[in-house]
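To start, the structure under review is shown below, and the notes come after it.
All values reported here derive from a predicted model rather than from experimental measurement. Count residues from 1 along the sequence.
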Amino acid sequence: MIRLALRTLRYRKGGFIATFVAVVFGTAIVLACGGLMETGIRSNVPPERLAGAPIVVSGKQSHLRPGAEDATPLVEQVGVPATVADKIRGLDGVTDVIGDLTFPAPVLRGSVPMSAEGHNWESARLGPFTLQSGTAPRADEVVLDATTAGQLGARVGSKVQLLAQGKPTSFRVAGIAAGPAGNTFFSAADATRIAERPEQYSALGVLVASGTDLKALRKSIEKADGSVSALSGIDRGLVEHPDAAQAKVTLISVAGSFGGIAAMTMMFVVASTLALSAQHRQREFALLRGIGTTPGQVRRMILGEAMVVSLPAVLVGCVPGVLLGRFLFDRLAANGVASPDVTFYQGLIPFAAGAGAAVLAAVGAALIAGRRSAKIRPVEALVEASLQRKWFSWVRLLFGLLFLAGGLALVIVTGAVMSGPLAGATAGPAVLCWAIGVALLGPVATKAVLAVLRWPLYAVSRVNGRLAILNVTARSVAMSAAVMPVMLAVGIATANIYMQTTQMDAASKAFTKDLRADAVLASTGAGLSPSLLTEVQGMPGVASASAYVTSVGVIDEPRNAPFDEDGAPLQGISAQGSDGTAPVRLTSGSLAGLTGSTVALPDRVASKIDRRVGTSIKMTLGDGASVDLRVVATFAAERGYESLVLPAELVAAHTTDKLAKQILIRTEPGADVNASLAKLAAANPGVQVADRDALIDGNNQDLQTQAWVNYLLVGMLIAYTAVSVVNTMVSATVRRRREFGLQRLTGSTRGQVLRMLTTEGVLVAFAGITLGTLVALASLLPFAAAVSSSAFPSGPIWIYLVIIATAFFLTLFSTLLPATTTLRTRPAEAAARTD
């Protein structure tokens with residue numbers, strides 16, 4: 001039967017080319033997503049500045065709250081207590097422990113800050129830094145790396161300005177060192193003062209004796225102090241680039257979710273392509289059964305054909321898969337979703353996953369396609385080859401209903417449980433469940449839709465159009481194979497794109513609803529000097545001004561806080577009265593007492609954890625510090641977009657940079673403070689003035705960046721389903737050449753056949769668009785209700801119009817183009833074809 005399968009390929013190139021193309025593109029997409037996932041899991045960042053230390057010790061960048069199963073990532077740099085260095089020095093094999101302080105220290109070139117990090121000079125021993133000229137720094141002195149010195153034109157003895165704690169400060173260049181760019185070294189006293197880490201280091205570099213077992217020593221270090229992590233090898237780079245570790249979870253979740261959807265989509269596309277091919281070969285299978293071929297032999301032949309086609313397709317698909325994976329990673333890194341410092345990997349596991357998923361999809365589809373073809377009686381097969389009516393099977397019905405039930409369950413969870421950004425976690429998979437459920441029940445769904453759509457079209461059609469309508473209606477079971485890819489493309493595109501537009505609109509409204517600032521001072525460097533707030537508050541015409549800083553924390557007590565494992569968003573603002581700039585609507589208490597260890601809670605959070613003004617909660621802040629906070633106020637907030645409000649000084653002290661990034665300003669009625677603010681910004685390098693609209697635009701830009709990533713990945717799936725539409729329609733049209741030949745022998749012209757096919761294409765497109773729209777709305781309506789106050793999704797209507805116009809174009813193009821080519825064959829020759 002394998003030899004027969006190989007011979008069959010020579011005479012049925014069209015159908016097998018469709019399967020080949022589907023497997024190639026499916027392999028490429030799954031392989032690309034697999035590469036992204038492997039990159040996220042590895043998160044390998046080659047060490048540079050700390051490469052001289054065999055082991056690097058850092059604080060644990062996660063916190064497990066009491067009673068929780070999963071740890072919450074800590075978004076700020078967690079320090080290492082200085083006492084840990086003494087514990088490590090006493091371990092066997094350790095020759096020295098060097099503390100490293102890392103803090104933002106932008107170098108000013110004119111009035112423009114250059115991104116740079118500051119360190120204590122002692123830590124230069126941990127990396128490839130050697131003095132080219134000059135000496136080690138003393139008080140008010142620095143050592144610049146050679147690259148930065150060259151950009152500034154600085155020499156030993158010259159003066160440079162840096163932003164230290166947000167203030168322009170002058171330092172003398174004591175030396176210039178060879179080594180990685182963007183690093184400035186200070187004396188121990190200056191580094192301790194600027195870093196603001198009393199009795200703490202950013203990390204520890206552990207030097208060891210030759211022959212020391214690093215793995216055993218790492219275990220000993222972590223056993224000596226459970227609050228630290230000991231890293232060796234390439235993992236040391238994560239300490240230098242903590243953003244890579246923070247982006248790790250995001251990259252894994254993005255790759256995993258879209259990779260899973262891509263794999264399921266590929267299986268559906270390949271299955272539908274093979275099923276259509278098998279459907280067109282019912283007469284051939286009937287003849288094979290009629291000459292004594294057993295059902296097992298027919299199944300083996302179909303399986304052999306699928307293997308012969310899919311294995312070369314997998315090999316071909318690996319080439320674009322590698323390129324696509326690299327392209328996607330570069331785009332994600334450029335938009336801040338992945339760290340550009342991480343090394344992209346696409347090893348054997350993604351190749352095995354992509355190839356395995358593609359082959360399994362082809363094999364599974366072949367087994368399903370061959371099952372009925374092999375079991376049908378020869379006489380029944382010959383009758384049904386001319387007009388297929390039977391589609392029903394208990395297995396297909398069962399799985400179709402199960403997928404629809406799964407979609408319904410996810411929709412219920414979306415509307416009843418989820419809120420805000422979390423709603424997409426269930427609404428996204430619900431779309432695929434609805435689509436697959438409808439596809440499995442495709443014949444009955446197609447028949448129901450065509451029963452409604454055919455009458456309006458029948459009323460305005462002429463003879464050829466009515467013939468097409470009757471043809472499609474009679475062949476509704478067979479036509480469902482053409483309708484389903486259109487449904488899948490329209491459903492996935494409409495649902496996912498409008499989920500993003502709805503999410504963005506809801507998040508933007510939540511941000512601007514209570515925004516009371518008329519202007520903002522923003523840092524273009526590492527943060528704003530605390531003294532700037534006092535200056536702004538004293539300006540004529542300023543009614544209120546507040547520092548503004550954000551972070552993420554964890555509520556430890558009470559334990560029933562309504563936040564997931566990503567933690568609770570924190571907003572830091574300055575204490576203020578009722579006319580302040582705080583973006584909240586108070587329902588009880590006052591923000592005048594928001595100082596020290598205090599907090600204001602959203603109403604829903606306060607109700608959930610049973611806290612009111614005067615009670616307290618226990619929190620872990622972004623750098624791992626534990627604090628007890630007294631509740632001073634509660635406020636209204638959009639469901640799903642709640643954040644806790646803490647004193648700006650408290651939040652800033654527990655961030656990596658230790659500084660607020662913005663000052664929100666509210667002016668007195670009729671006052672114009674723009675000139676005063678511009679003058680203040682000009683006198684402080686690294687500070688710029690923006691109005692309310694710029695603040696909103698900046699927030700929207702961040703939302704657009706997040707949405708763009710999903711648009712990119714969703715676009716990839718939409719493109720694949722579009723390939724499926726073209727594949728299916730071309731294959732279905734080419735297979736009907738015998739039918740077209742018979743029509744022309746009975747007197748139909750080429751133009752009449754093409755007009756008939758145009759009407760058929762319109763019906764198929766309408767049916768697919770109708771079902772796809774219903775699939776999308778089934779998930780979009782509860783999603784919109786969960787993330788916003790509206791029960792209808794947000795977004796411009798032209799997006800939907802472009803989607804359906806594209807569906808129409810692809811359907812008609814992939815029907816009429818091959819039909820035009822097929823009709824060039826002489827009618828008698830076409831009618832004589834048996835394929």
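When all heavy atoms of Arg585 and Ala637 are compared, the pair lying nearest together is NH2-N, 4.5 Å. The shortest heavy-atom contact between Ala203 and Val239 is CB-CG1, 3.7 Å. Of all non-hydrogen atoms in Ala164 and Thr169, the two that sit nearest each other are CB-OG1, 3.8 Å. Smallest separation of non-hydrogen atoms from Val651 and Gly572: CG2-CA, 3.9 Å. Scanning all heavy atoms of the two residues, the minimum distance from Phe563 to Pro569 falls at CE2-CD, 3.9 Å. Minimum interatomic distance between Phe635 and Ala600 (heavy atoms only, all atoms of both residues): CE2-O, 3.5 Å.
With a 4.5 Å cut-off on side-chain heavy atoms, Leu162 and Thr184 count as touching. No side-chain heavy atom of Pro793 sits less than 4.5 Å from a side-chain heavy atom of Phe783. Using a 4.5 Å cut-off on side-chain heavy atoms (C-beta onward), Pro104 and Glu117 make no contact. Asp623 has its side chain out of reach of Thr655: every pair of non-hydrogen atoms, C-beta onward, lies at least 4.5 Å apart. Within the 4.5 Å cutoff, the side chain of Ser597 has no heavy atoms near those of the Arg630 side chain. Within the 4.5 Å cutoff, no side-chain heavy atoms of Val542 are placed close to those of Gln537. The shortest distance between side-chain heavy atoms of Met539 and Leu680 falls below 4.5 Å. Counting heavy atoms from C-beta on, the side chains of Val599 and Val645 never come closer than 4.5 Å.
Here the straight-line distance linking atom CD1 of Ile573 with atom CG of Leu594 works out to 5.5 Å at 0.5 Å rounding. A distance of 13.0 Å separates OG of Ser58 from CZ of Arg236, quoted to the nearest 0.5 Å. Residue Leu646 holds its CG atom at 7.0 Å from OG1 of Thr598, rounded to the nearest 0.5 Å. Distance check: Ile497 CD1 to Thr502 OG1 gives 11.5 Å after rounding to the nearest 0.5 Å. Interatomic distance, Thr72 OG1 to Arg65 CZ, rounded to the nearest 0.5 Å: 6.0 Å. Atom CG of residue Leu650 and atom CG of residue Leu621 lie 5.5 Å apart, to the nearest 0.5 angstrom.
Using modelled atom types, no side-chain atom of Gln662 and backbone atom of Ala522 make a donor-acceptor pair closer than 3.5 Å. With hydrogens and angles disregarded, a donor-acceptor distance shorter than 3.5 Å links the side chain of Ser123 to the backbone of Asn120. A donor-acceptor pair under 3.5 Å is absent between the side-chain atoms of Thr615 and the main chain of Val613, judged by distance alone. A donor-acceptor pair is defined here as one N or O able to donate and one able to accept, closer than 3.5 Å; no such pair exists between the side chain of Thr634 and the backbone of Pro602. At distances below 3.5 Å, at least one donor-acceptor pair connects side-chain atoms of Glu240 with backbone N or O atoms of Leu50. When atom types are taken as modelled, the side chain of Lys60 and the backbone of Gly226 share a donor-acceptor pair closer than 3.5 angstrom.
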Tabulate below the donor-acceptor pairs under 3.5 Å that side-chain atoms of residues 544-554 make, not counting sequence neighbours, or state none.
{"residue": "Ser546", "atom": "OG", "partner": "Ser574", "partner atom": "N", "Å": "2.8"}
{"residue": "Tyr548", "atom": "OH", "partner": "Gln571", "partner atom": "OE1", "Å": "2.9"}
{"residue": "Ser551", "atom": "OG", "partner": "Glu76", "partner atom": "OE2", "Å": "2.9"}

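With sequence neighbours left out, the ring-ring contact (aromatic ring centres under 6.0 Å, His included) criterion links Phe103 to Phe186. Every side chain to side chain donor-acceptor pair (under 3.5 Å) that Asp657 has, sequence neighbours left out, goes to Lys661. Residues passing the side chain to side chain donor-acceptor pair (under 3.5 Å) test with Thr343, sequence neighbours excluded: none. His119 meets the ring-ring contact (aromatic ring centres under 6.0 Å, His included) test with Phe185; sequence neighbours excluded.
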Audit row: Gln165, Lys658, side chain to side chain contact (heavy atoms under 4.5 Å, CB included) steps and yes/no: CA-CA 8 Å; Gln165 296 177 327; Lys658 309 296 183 186; over 6 Å; no
Worked verdict on Leu659 versus Leu528 for side chain to side chain contact (heavy atoms under 4.5 Å, CB included): CA-CA 6 Å; Leu659 297 171; Leu528 300 172; 6.0 Å; no
Audit row: Ser794, Thr501, side-chain hydrogen bond (donor to acceptor under 3.5 Å, both in side chains) steps and yes/no: CA-CA 6 Å; Ser794 305; Thr501 57; over 6 Å; no
Stepwise side chain to side chain contact (heavy atoms under 4.5 Å, CB included) check, Met619 with Asp628: CA-CA 6 Å; Met619 282 199 70; Asp628 291 314; over 6 Å; no
Worked check of side chain to side chain contact (heavy atoms under 4.5 Å, CB included) between Leu521 and Val536: CA-CA 9 Å; Leu521 282 181; Val536 173; 3.6 Å; yes
Audit row: Gln77, Arg197, side-chain hydrogen bond (donor to acceptor under 3.5 Å, both in side chains) steps and yes/no: CA-CA 11 Å; Gln77 188 181 62; Arg197 285 190 178 275; 2.9 Å; yes
Step-by-step side-chain hydrogen bond (donor to acceptor under 3.5 Å, both in side chains) determination, Asp518 to Thr667: CA-CA 6 Å; Asp518 299 310; Thr667 61; 3.2 Å; yes
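Atom CZ of Arg612 has 12 or fewer heavy atoms from other residues, nucleotides or ligands within 6.0 Å.
Within the structure, the side chain to side chain donor-acceptor pair (under 3.5 Å) test picks out the following pairs touching residues 553-562 (sequence neighbours left out): His63-Asp556, Asp556-Thr620, Glu557-Arg559.
If you check the side chains of Asp603 and Thr587, you find a donor sitting under 3.5 Å from an acceptor. Asp100 and Thr102 form a side-chain donor-acceptor contact under 3.5 Å, judged by distance and modelled atom types alone.
Classification of Lys87 and Asp225 as a salt-bridged pair holds, one side-chain N sitting under 4.0 Å from a carboxylate O.
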